[in-house]
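Keep in mind that the numbers below use all heavy atoms, side chains included, and drop hydrogens, waters and symmetry copies. Remember, it's a predicted structure, so these values are computed and weren't measured experimentally.
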Amino acid sequence: MTAAVRVALVTTDWVDFIEGGVATLCHALASGLDERGLEVEVWTRGGGRRERAIAGRRMSSGAHPYKVRAVPGRSWRRRGGAHWRRTLP
């Protein structure tokens with residue numbers, strides 16, 4: 001039995017609140033990996049309007065086929081990995 005391949009993309013910007021640049025690149029990468037059957041989860045900055053934009057997209061008919069997790073706060077710059085790990089289930 002072959003295990004499913006899981007991919008986590010960590011990005012500072014996402015297409016639900018920023019257009020162009022790294023946001024568009026990560027969206028294209030996530031979509032391409034999902035089309036190839038990989039399990040994709042995107043972690044991005046959250047809080048305030050960012051989190052509302054991601055939640056709004058999740059509830060709409062144009063929802064992403066993969067999970068997008070918004071990590072609130074600005075401490076991701078100072079704390080690095082410890083900040084991202086706090087969102088793990």
Side-chain angles (χ1 to χ4, degrees):
M1 182 178 351
T2 306
V5 177
R6 298 175 66 196
V7 177
L9 295 177
V10 179
T11 180
T12 56
D13 293 320
W14 188 243
V15 294
D16 293 339
F17 46 85
I18 297 283
E19 291 294 327
V22 71
T24 303
L25 175 69
C26 285
H27 182 306
L29 179 59
S31 297
L33 292 172
D34 181 69
E35 287 173 7
R36 285 165 180 72
L38 281 69
E39 185 179 333
V40 180
E41 186 169 334
V42 179
W43 290 14
T44 188
R45 292 186 296 166
R49 68 179 180 86
R50 294 171 183 271
E51 200 152 345
R52 286 191 298 275
I54 290 170
R57 172 66 80 86
R58 194 178 302 130
M59 299 300 180
S60 74
S61 60
H64 302 297
Y66 39 83
K67 186 173 189 172
V68 179
R69 187 184 299 250
V71 181
R74 295 183 181 204
S75 60
W76 60 271
R77 287 185 180 162
R78 292 187 305 271
R79 291 193 216 150
H83 177 74
W84 296 101
R85 283 190 296 275
R86 74 182 189 173
T87 65
L88 292 173

(message) With rounding to the nearest 0.5 angstrom, report the NE2 to OG1 distance, His27 to Thr24.
(response) 8.5 Å
(request) Determine the minimum heavy-atom distance between Asp34 and Tyr66, stating which atoms define it. (result) CB-CD2, 4.0 Å
(request) Please name the pair of heavy atoms, one in Cys26 and one in Leu9, separated by the smallest distance, quoted to 0.1 Å. (result) O-CD1, 3.8 Å
(message) Would the distance check show the side chain of Arg45 and the main-chain N or O of Thr12 forming a donor-acceptor pair, the cut-off being under 3.5 Å?
(response) yes
(request) State yes or no: do Trp14 and Val7 share one hydrophobic cluster built from I, L, V, M, F, W and Y residues joined by side-chain heavy-atom distances below 4.5 Å, directly or via other members? (result) yes
(message) Taking side chain to side chain contact (heavy atoms under 4.5 Å, CB included) as the criterion, tell me which of Leu25, Val42, Val68 meets it with Thr11.
(response) Val42
